[in-house]
Structures are given as structure tokens and as C-alpha cells.
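For reference, positions follow the sequence shown, starting with 1. Excluded from the calculations below are hydrogen atoms, water molecules and symmetry mates; all remaining heavy atoms, backbone and side chain alike, are included.
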Amino acid sequence: MHQEIKNIHFIGICGTAMGSVAAALQGQGYRVTGSDANVYPPMSVYLESRGIALKSGFRPENIPTDADLIVVGNAISRGNLELEEVLNRKLYYLSLPETLKEFFLRGRRNLVVTGTHGKTTTTSLLAWIFESAGRQPGYMIGGLPRNLNEPARLAPSEHFIIEGDEYDTAFFDKRSKFVHYLPELVIVNNIEFDHADIFEDLAAIQLSFRRLLNIVPKNGVVLVNADDPNSLEAASTCPAPLLRVGFSPSADVSLQVTDYGPDGSNFIVLGQSFHLGLVGEYNVRNAAMAICAAHHYGIAMDQIAAAVTSFEGVRRRQEVRGEVRGVKVIDDFGHHPTALRQAIAGLRQQYPESRLWAVFEPRSNTTRRAVFQDALPDAFSGADGVYLAQVARLEQLPASDRLHPERIVEVLRSRNIPAHYLPDAASIVADLVPQTRPGDLIAVFSNGGFDGIHDKLLHALAQ
């Protein structure tokens with residue numbers, strides 16, 4: 001099949017994963033073109049530097065007359081002018097996960113990291129362990145790991161480490177992306193209800209994980225969270241060898257935390273002591289999964305331990321964006337109640353003397369909805385003060401289906417936690433900054449840009 005393909009066009013090329021795959025294919029000698037609704041740096045600069053011709057906006061004429069393959073991004077839906085042209089011309093098209101499978105994953109030893117939480121950190125650490133041990137793995141990560149130069153490396157390698165997203169594949173394929181990744185090893189960090197726009201309930205998500213585990217070969221292995229009933233249930237019919245990792249007495253690989261401190265976490269797994277420069281039980285769990293996976297592939301324990309110690313984490317995961325007048329502004333990608341609660345607990349462990357302000361933008365497809373209305377107050381109860389912004393893209397949801405931040409505020413105030421509902425970044429900054437004092441932490445939680453609130457906070461604090 002590959003011999004017949006010379007010219008490839010990407011619809012929606014500027015996403016991190018789409019752009020990484022496009023650049024890799026260009027590097028392999030294919031002629032690659034692409035388009036997106038907004039062509040902007042840094043991805044546009046990255047692609048153009050590799051000789052890829054980009055078009056801003058979607059138009060039928062963007063598709064080259066000699067295109068042999070069209071790669072359709074996950075965000076592209078019916079009605080898109082280029083997609084309609086592809087269908088009318090009956091051109092050959094694939095989703096991005098299918099493209100990865102056919103051009104990069106087939107024939108390799110693929111390590112797939114899955115779970116509602118911790119995928120990016122675990123994948124980044126696992127790739128860093130392999131890299132530090134000289135294995136030169138291929139990898140694809142849905143974030144920016146600090147230890148690695150880029151989020152993806154698609155060069156030929158025996159091992160490929162990939163973040164396995166349970167979100168759907170494309171407009172024409174509603175299965176989870178990870179079922180395309182030909183896994184030899186799968187990590188299941190945890191399973192909770194999420195992605196309310198595509199999954200009806202928790203059982204539907206567990207079914208998707210079962211489908212993934214059902215294609216792990218007998219000479220592969222599945223590492224599953226020993227302390228998470230949802231994960232254990234999904235793995236109960238797994239035909240591949242199973243290792244349960246966690247604190248539970250029934251765990252096959254036991255995990256023990258010896259100390260949390262301002263400079264990180266100390267723990268024992270596989271009889272070895274480790275130091276991780278990240279705080280919180282959830283980060284220890286992530287690290288334990290990566291350690292067990294690396295051990296399975298024969299990497300020496302001293303090499304694993306050195307890599308864990310030198311791991312610097314991932315951008316937008318408890319990332320300190322700046323400090324002004326003794327007030328730290330921290331950026332975190334958290335948006336699910338469990339992730340929010342764990343991040344706040346981790347910051348508490350790292351900065352036990354600080355007042356903690358939590359600022360949240362309900363922006364993901366699930367947190368915009370009422371499904372977490374009752375869970376979010378508990379998630380924020382560990383903070384000293386809370387600010388909630390208006391639900392993003394409010395007009396797209398009927399009132400009966402959307403999250404009501406003002407009700408969360410009412411619950412938090414009933415628990416004597418100062419809480420405020422303000423519509424946007426500017427009004428939150430204006431209200432919050434005068435209340436801060438040296439030693440405070442402001443933790444901003446959003447899976448988007450939140451209208452540049454981090455820089456707005458730092459600028460206002462400087463005034």
C-alpha cells in the first residue's frame with residue numbers, strides 16, 4: 001500500500017499530533033500538504049521549516065489534484081468543505097490513529113499508556129526512562145515533556161511508547177483511538193467517567209478499555225491499577241498476562257510511599273527505593289507504572305532510578321508560571337474532579353504553609369455539563385479560596401444540561417470556603433489579586449488558554 005502513496009494531505013494539520021505525524025511523513029520522503037481553520041505558530045513555523053505547504057481555512061481547492069491519501073483530523077466533521085470534496089471525489093482517507101498504525105506502529109513493540117488521569121505524565125516518564133537507558137524509543141505524547149525536545153519522535157525504533165486516548169477516532173470511526181495502536185504492553189492507570197459528549201456512562205468507557213485489552217497478545221502484558229475497582233473490572237476478562245500494581249494487599253507489585261516533601265516523593269516499588277521530583281500519590285502511581293513497564297523490558301534498576309530522579313515532569317502539570325511579591329501563579333491542566341482534588345492535595349503537600357487559591361475554567365466537554373455538579377465542590381474543598389469562571393461555549397448547551405458554577409459557590413460557602421463566580425479572566429484577576437499576600441499560591445485549572453489569565457495575574461501582582 002505504501003508504495004502507491006506519494007502525496008498526502010492533512011485536514012486539520014495544526015494539532016500537536018497531526019503536525020508531528022505530518023512532519024515525520026515528510027521526513028520519510030512523502031510530499032505532505034495541509035490545511036487548518038487557523039494556521040498559527042508554533043506549529044505553522046515547525047511545519048513550514050520542514051517544507052510542508054500550509055493553507056489557512058478549509059476550501060475544496062486546497063486538496064491537491066494528485067493526492068493519494070487524505071488524513072482526516074479528529075475535529076473535522078461533516079460539512080467541512082474539504083471533507084465533502086474528499087467524499088465527493090471518493091479519495092482514499094484515514095484517521096490519524098489509522099495513519100499511525102499503518103506507517104509507524106506495525107511490526108514494532110508498542111507500549112500504550114491509558115487511563116482517565118495521568119496518561120501524559122506516565123508516557124513522558126516511560127519515554128524518558130527508555131531514552132536515558134539508550135533505547136532511543138519512538139514516542140507520541142499528548143503534552144510537552146520537559147526532558148524531551150518534542151512531544152513526538154516517529155523515527156524507526158524497536159519500541160514505540162504512545163499515550164492511548166480513549167476519545168473517539170474520527171467522524172467516521174467512533175471507537176477509541178487506542179484500539180488502533182497494536183499494543184504489546186498496556187498500562188491502565190485508572191478508569192472514571194469522562195468525555196460525556198461521546199460516552200453515555202462508565203460502562204461504555206469500560207467496554208472501550210475491554211476492547212483494547214482484548215487485542216494484547218499472550219506474549220504481552222497489562223499493568224493495571226490494583227486499587228481501582230473500575231480498572232480491575234475492565235481487565236477481568238483480559239486474555240493477556242496481568243500485573244496489578246498498587247497499595248492493595250492483593251497487588252502483584254506492591255507500592256509503598258516513605259515520604260512526601262517539598263522537593264518531591266520517596267517510594268519503594270519492586271524492592272527498590274526511588275525519588276521523584278513530583279509530589280502527590282497520583283504522581284507516585286504514575287511513576288510506579290512506568291517503572292514496572294521499563295523493568296518488564298529489561299532496563300536495569302539503577303538506570304530506571306536515575307531517570308526517575310532526573311524527570312522534570314510535563315508542562316501545564318503544576319507548572320510554576322511565575323512569582324511576584326511572593327505569590328506563585330501555577331498552571332495546571334486539571335479539569336476532571338479527581339484530577340482537581342489530587343492536584344490540590346499535591347500542592348498542599350508541597351507547600352504546606354501556603355494559602356491556596358483555586359481558579360477554574362469549566363471548559364472540557366464534560367465539565368461544561370451538569371454531570372459533575374455534585375462532585376466539583378468536594379474537589380475544591382481542599383483550597384482556601386475558589387474562583388469559578390463562566391462555562392465555556394455556554395450557548396451550545398441547554399440550561400438543563402449545563403454546569404451551574406453559582407451552585408458550586410453556594411455549596412463551598414456553606415462549608416466556610418470563600419468562593420466566587422465571576423464571568424471572565426479579567427474580573428477574576430481584579431477581585432483576587434487585592435486579597436493575596438506573600439506566600440500565597442494561585443493555582444489555575446483549565447484545559448485551554450483561559451484568556452491568558454496567568455500573565456494577567458502576574459502583571460496585576462506586579463502593579
Side-chain angles (χ1 to χ4, degrees), residues 17 20-21 24 95-115 118-142 148 152-166 169 175-191 208-226 231-232 234-245 252-253 269-270 286-301 303-304 307:
S20 298
V21 173
S95 66
L96 182 67
E98 288 174 310
T99 305
L100 274 168
K101 176 181 179 179
E102 295 304 329
F103 287 85
F104 299 101
L105 301 182
R106 198 172 290 286
R108 291 193 185 183
R109 308 183 74 180
N110 301 310
L111 292 72
V112 182
V113 179
T114 73
K119 292 186 292 293
T120 303
T121 300
T122 308
T123 311
S124 300
L125 176 54
L126 185 53
W128 176 237
I129 294 170
F130 269 68
E131 180 75 1
S132 299
R135 298 287 182 98
Q136 298 182 306
Y139 58 82
M140 177 162 280
I141 301 166
L148 302 164
R153 181 166 69 201
L154 298 164
S157 169
E158 179 185 5
H159 302 100
F160 198 93
I161 299 166
I162 186 166
E163 181 172 334
D165 187 358
E166 69 270 28
T169 296
R175 294 173 298 167
S176 293
K177 293 174 187 172
F178 57 37
V179 301
H180 297 285
Y181 293 160
L182 302 175
E184 178 177 276
L185 175 144
V186 172
I187 289 172
V188 183
N189 271 335
N190 41 65
I191 301 175
S208 201
F209 276 84
R210 282 194 199 95
R211 287 171 174 159
L212 171 66
L213 299 185
N214 202 38
I215 57 173
V216 180
K218 291 282 180 67
N219 62 356
V221 67
V222 173
L223 306 177
V224 64
N225 184 340
S231 298
L232 293 171
S236 62
T237 58
C238 175
L242 195 70
L243 275 179
R244 295 164 295 179
V245 181
D252 303 303
V253 179
V269 66
L270 294 171
N286 295 338
M289 288 295 199
I291 290 163
C292 290
H295 179 258
H296 177 77
Y297 284 92
I299 297 178
M301 273 297 186
Q303 291 180 310
I304 297 175

Just by modelled atom types, is the [Y] backbone N or O under 3.5 Å from a matching donor or acceptor in the [X] side chain?
X: Asn286; Y: Thr121; value: no
X: Arg135; Y: Tyr297; value: yes
X: Asn225; Y: Asn190; value: no
X: Lys101; Y: Pro97; value: no
X: Trp128; Y: Ala307; value: yes

Rounded to the nearest 0.5 Å, how far apart are [atom1] of [X] and [atom2] of [Y]?
X: Leu105; Y: Asn110; atom1: CG; atom2: CG; answer: 4.5 Å
X: Leu148; Y: Thr123; atom1: CG; atom2: OG1; answer: 11.0 Å
X: Ile304; Y: Ile129; atom1: CD1; atom2: CD1; answer: 6.0 Å
X: Leu213; Y: Ser236; atom1: CG; atom2: OG; answer: 9.5 Å
X: Met301; Y: Leu270; atom1: CE; atom2: CG; answer: 4.0 Å
X: Glu163; Y: Lys177; atom1: CD; atom2: NZ; answer: 9.0 Å

- Any luck finding a side-chain donor-acceptor pair between Glu166 and Thr114 under 3.5 Å?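 Judged by distance alone, the side chains do not pair up.
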- Query: Looking only at side chains, do Ser176 and Ser208 share a donor and an acceptor under 3.5 Å apart?
  - Reply: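 Ser208 and Ser176 do have a side-chain donor-acceptor pair below 3.5 Å.
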Taking all non-hydrogen atoms of both residues, which atom of [X] and which atom of [Y] are closest, and how far apart?
X: Phe130; Y: Pro137; result: CB-CG, 3.6 Å
X: Ala234; Y: Phe209; result: CB-CB, 4.3 Å
X: Arg211; Y: Val179; result: CB-CG1, 4.4 Å
X: Val224; Y: Ser231; result: CG2-CB, 3.6 Å
X: Val112; Y: Gly164; result: CG1-CA, 3.9 Å
X: Pro183; Y: Pro217; result: O-CD, 3.1 Å

Just jot down the side-chain hydrogen bond (donor to acceptor under 3.5 Å, both in side chains) partners of [X], sequence neighbours excluded, or say none.
X: Arg109; result: Glu158, Glu184
X: Asn214; result: none
X: Asn189; result: Thr122
X: Ser132; result: none

Do [X] and [Y] have side-chain heavy atoms sitting under 4.5 Å apart?
X: Asp252; Y: Arg244; answer: yes
X: Leu100; Y: Ile162; answer: yes
X: Phe104; Y: Val21; answer: yes
X: Phe160; Y: Met140; answer: yes
X: Leu212; Y: Val188; answer: no

- Task: Decide yes or no on side chain to side chain contact (heavy atoms under 4.5 Å, CB included) for Tyr139 and Leu126, but give the supporting numbers first.
- Result: CA-CA 10 Å; Tyr139 58 82; Leu126 185 53; over 6 Å; no
- Under the salt bridge (Lys or Arg N to Asp or Glu O under 4.0 Å) test, residues paired with Arg210 that sit two or more places apart: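 Residues passing salt bridge (Lys or Arg N to Asp or Glu O under 4.0 Å) with Arg210: Glu233.
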- Message: If the condition is salt bridge (Lys or Arg N to Asp or Glu O under 4.0 Å), which residues does Glu131 pass it with, not counting sequence neighbours?
- Response: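 Glu131 satisfies salt bridge (Lys or Arg N to Asp or Glu O under 4.0 Å) with Arg153 once adjacent residues are dropped.
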